[in-house]
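Please read the structure below before turning to the comments.
Quick note on labels: first sequence line is chain A, next is B, and so on, each numbered from 1.
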Number of protein chains: 2
Amino acid sequence: MMLSRASKYAILSTLFLAEHSSVEKKISVKVIAESIDVPSPFLAKLFQQLVRGKIISSTKGPNGGFYLNESNGKRNVLDIIENIDGLTKLNDCFLGLNECDSENPCPVHFIVEPFKENILGKFRDKTIMEFAQEISEKGRVLTLKDITPKVKK
Amino acid sequence: MMLSRASKYAILSTLFLAEHSSVEKKISVKVIAESIDVPSPFLAKLFQQLVRGKIISSTKGPNGGFYLNESNGKRNVLDIIENIDGLTKLNDCFLGLNECDSENPCPVHFIVEPFKENILGKFRDKTIMEFAQEISEKGRVLTLKDITPKVKK
DNA sequence: ATTATAAAAGATAAAAAGATCTTATTATAT
DNA sequence: ATATAATAAGATCTTTTTATCTTTTATAAT
């Protein structure tokens, strides 16, 4: 249940686009990378894949950039993870057993399983758009930058 | 919440020792590696660290091997993970934010947090010995091998 | 004491993940 | 039409994780 960095960056930047972009207002990789504090060449690669997966949209050229269209906004967080890491990573046995189910459970199966189901459900049922709404209404952090500046020495 | 392979191997093999070894009955890396189907040189390295961390015990020489003593058995699963991966990995923000707490939450903070607390508690409160007891009483799988043999073609 | 056995330690290798760089393409504004 | 701004694609480099190999050290049995 620990995501790759790629997936983390993907979720953050997609939510960032959900909040700040639109068909009329596209945003460049560079701006997004700086906002969420992520290496921009890496994010560029990632975005290519997200575009192919129809998680986000893009247009090239002047005033081009990345944005979310109507249907992008209806995708969910699990779609993003699936597109980058694949779902096996999330569904696989916590201890890595090849076969682990209620018939042949690993030692932690009945501890982990209920959580997994529940949390995956939450990531599946809430759309990116709905997340974005909560982000702007309630205030959520969308950057890897330090936000509480340390006191100067 | 996804462990490294090292941690997974460590948990499986420690539980294996809990069930099958004792001060009088030590077990060699080779036997354990074959039982749980894990590369034995890798497991050997891992065991060195677990011994240093007082998760398991060892003696060299003829009839030597690895085993759990009384106090080893009182450790918990979280101790193992801490010894191999460290706890930061488990405690860190799901989306990788540097600072993420209820004051400055990431977009999934309030979804993930309750689960994390709960599951970590379960891994902290149950001793290795108790796990081993459940394993032998209720039957749990402790190997990466395929257990349901595929039908021959 | 000698020998066989098993872990400890250290050095090395291979694979995967993460990050970067360079060169196309494409689309738009002029 | 042309220059330009931005993504797309592919090649390459670095770091971390996983795995292996070799040598040394400790221990117990004989």
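- A close approach under 4.0 Å does not occur between any side-chain nitrogen or oxygen of B:T59 and OP1 or OP2 of C:dA7.
- Residue contacts shown for A:P41 include a base, since a base heavy atom lies under 4.0 Å away.
- As judged by a 4.0 angstrom heavy-atom cut-off over every strand, A:K30 is placed among residues making no nucleic acid contact.
- Using a 4.0 Å heavy-atom distance criterion, B:G61 is classed as a base contact.
- Rounded to whole Å, the distance from CD on A:Q48 to P on D:dA9 is 6 Å.
- Nucleic acid contact for B:F47: none, since no nucleic acid atom lies under 4.0 Å from a heavy atom of the residue.
- Within the 4.0 angstrom heavy-atom criterion, only backbone atoms of the sugar-phosphate kind lie near A:S4; the bases stay farther away.
- Of the residues in residues 13-27 of chain A, none has a non-hydrogen atom less than 4.0 angstrom from any atom of DNA chain C.
- Between B:Y9 and D:dA19, a side-chain N or O to OP1/OP2 separation shorter than 4.0 Å is present.
- Between B:S28 and C:dT5, a side-chain N or O to OP1/OP2 separation shorter than 4.0 Å is absent.
- Grouping Ile, Leu, Val, Met, Phe, Trp and Tyr residues whose side-chain heavy atoms lie under 4.5 Å apart, directly or via other members, places A:Y67 in a hydrophobic cluster with A:V23.
- Within the structure, a side-chain polar atom (N or O) of A:N63 is placed less than 4.0 Å from OP1 or OP2 of C:dA29.
- Within the structure, a side-chain polar atom (N or O) of A:R5 is placed less than 4.0 Å from OP1 or OP2 of C:dA19.
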